[in-house]
Protein chains: 2
Amino acid sequence: MHNERDNVPYAMNPSSGVPVYRQLMDAVRSDIASGRRPVGSILPSVRLVAKELEINPMTVSKAYSRLESEGLVERLPGRGMRVCARRTQAPISDRRKELEPFARQLVDHAYRLDLDASEIRRVLDPFLAELNHE
Amino acid sequence: MHNERDNVPYAMNPSSGVPVYRQLMDAVRSDIASGRRPVGSILPSVRLVAKELEINPMTVSKAYSRLESEGLVERLPGRGMRVCARRTQAPISDRRKELEPFARQLVDHAYRLDLDASEIRRVLDPFLAELNHE
DNA sequence: ATCACTGTCCTACTACGCTAATACACTTGA
DNA sequence: TCAAGTGTATTAGCGTAGTAGGACAGTGAT
């Protein structure tokens, strides 16, 4: 059922401390964002990915399921996971609220390190620049 | 040996998801930063705090030990934990490096929420303002 | 020396997250 | 209908973080 050309160019690092299923989520997210996996395409099956990466299909399934609850892909029973059209965004105020804990954490740690606002910006800016290039 | 006036006005929330020892660390850090526990003063003993908060002394000890490795307090064997004079800072470049993972995490989540650099700044700014007021 | 304090090492229990193995329901093509 | 392909519910094993209990060493006043 799967396309022979379906390659799975993901490379997981089991000893990085980052759970494998999260690494896989990031890889797939990146593929979708870049268009390598266009809207409507079917992700490689959990068993194929599992075989290539030498991990358990359930680990792949976990990644796929989480991406589904994020709204990036949808489950077609018996067929696979399909990349969704960009979901309707939550209101921007809600999304800002979701971001706040991470902003707070950043500032908390800066405070403990005795780094002021301008230092925070200095550390943050390269990442913001990277964000804009995408 | 301890002063009867040593009150332990901390209130832990065991079901908040935040480990008790971390809540206690934050409370003590706040006391030190505000001057309620001045440099040179001795923290209430682990057993006193444990009794007041109805937790195990080891949990308090864990909080104290971490604060010690942060350099906020020092251990006086047989006597207690004393609030330190502000420790010599690590080089600023090291401290910036320590902050980077949190900056990256913030930007990553913003990306997933489809929030751009200006939105990140908008969310972050109130926290930065708060930081400057202290 | 003794007593009443100090913090903590060591051990163990519990809860939770991550990964894996099996069995199942579903869909499609022959 | 049947075979081969989908994802996953369930269950289990493993490691780790958080918490707790008891024994221990250090300190200082008596």
Side-chain angles (χ1 to χ4, degrees), chain A residues 1-6 8 10 12-26 28 37 40-84, chain B residues 1-6 8 10 12-28 37 40-70 72-84:
Chain A
M1 182 68 71
H2 77 265
N3 188 336
E4 296 299 336
R5 302 250 179 290
D6 259 351
V8 183
Y10 306 136
M12 298 297 106
N13 180 351
S15 56
S16 70
V18 182
V20 172
Y21 83 93
R22 285 198 180 277
Q23 296 182 47
L24 184 55
M25 286 176 70
D26 288 341
V28 174
R37 305 241 177 242
S41 65
I42 303 290
L43 297 184
S45 80
V46 295
R47 285 176 183 78
L48 176 60
V49 176
K51 188 179 174 187
E52 294 290 324
L53 302 183
E54 299 177 312
I55 58 179
N56 191 280
M58 278 308 300
T59 302
V60 184
S61 174
K62 183 162 192 169
Y64 283 9
S65 298
R66 298 242 175 167
L67 291 173
E68 184 189 20
S69 48
E70 287 186 4
L72 252 69
V73 300
E74 59 184 336
R75 187 166 60 95
L76 305 181
R79 300 184 50 199
M81 306 297 284
R82 180 169 60 187
V83 177
C84 283
Chain B
M1 183 67 75
H2 76 266
N3 187 336
E4 297 297 336
R5 301 251 180 290
D6 260 352
V8 183
Y10 306 137
M12 299 297 106
N13 180 352
S15 58
S16 70
V18 182
V20 173
Y21 81 92
R22 285 199 180 277
Q23 296 182 47
L24 184 55
M25 286 176 70
D26 288 341
V28 174
R37 305 241 176 243
S41 65
I42 304 291
L43 297 185
S45 80
V46 295
R47 286 175 183 78
L48 175 61
V49 175
K51 187 178 173 187
E52 294 289 324
L53 301 183
E54 298 177 314
I55 58 180
N56 191 282
M58 274 310 299
T59 302
V60 183
S61 174
K62 184 162 192 170
Y64 282 10
S65 297
R66 298 242 175 166
L67 291 173
E68 183 188 21
S69 48
E70 287 185 4
L72 251 67
V73 300
E74 60 184 335
R75 187 166 59 94
L76 307 181
R79 300 185 50 200
M81 306 297 285
R82 180 169 60 188
V83 177
C84 282

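Residue numbers start from 1 in every chain, and the chains themselves are labelled A, B, ... in the order their sequence lines are given, proteins ahead of strands. Heavy-atom basis, side chains included; hydrogens, waters and symmetry copies ignored.
The nearest pair of heavy atoms linking V73(B) to V83(B) is CG1-CA, 4.1 Å.
Distance, R82(A) CZ to dT28(C) C1': 15 Å, rounded to whole Å. Taking atom CD1 of residue I55(B) and atom C1' of nucleotide dG21(D), one finds them 14 Å apart after rounding to whole Å. One interatomic measurement links the two molecules: CZ of R22(B) to C1' of dT19(D), which rounds to 14 Å at whole-angstrom precision. Residue E54(A) contributes atom CD, which lies 11 Å from atom P of dA20(C) at whole-angstrom precision. When the C1' atom of dG7(D) is taken as reference, atom OH of Y21(A) falls 18 Å away, rounded to whole Å. Between the P atom of dT28(C) and the CD1 atom of I42(A) lies a distance of 11 Å, rounded to the nearest Å. Atom-to-atom, CG of L53(B) to P of dG18(D) comes out at 18 Å; the value is rounded to the nearest Å.
Of the inter-residue distances, the one linking L67(B) atom CG with L43(B) atom CG reads 7.5 Å to the nearest 0.5 angstrom. In this structure, the separation between OG on S61(A) and CZ on R75(A) is 9.0 Å, given to the nearest 0.5 Å. Separating the OH atom in Y10(B) from the CG atom in D26(B) is a distance of 11.0 Å, to the nearest 0.5 Å.
For N56(A) and dT19(C), the shortest distance from a side-chain N or O to OP1 or OP2 is not below 4.0 Å. A sub-4.0 Å separation between OP1 or OP2 of dT19(C) and a side-chain N or O of T59(A) is absent.
Under the 4.5 Å side-chain criterion, counting only non-hydrogen atoms from C-beta, L53(B) is not in contact with V20(B). Side chains of V18(A) and N13(A) form no contact here, defined as non-hydrogen atoms less than 4.5 Å apart.
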Distances for protein N/O vs nucleotides 7-15 of chain C N/O pairs under 3.5 angstrom?
residue, atom, partner, partner atom, Å
dG7(C), OP1, V46(B), N, 3.4
dG7(C), OP2, V46(B), N, 3.0
dG7(C), N7, R47(B), NH1, 2.9
dG7(C), O6, R47(B), NH2, 2.8
dT8(C), OP1, S65(B), OG, 3.3
dT8(C), OP2, S61(B), OG, 2.6
dT8(C), OP2, S65(B), OG, 3.3

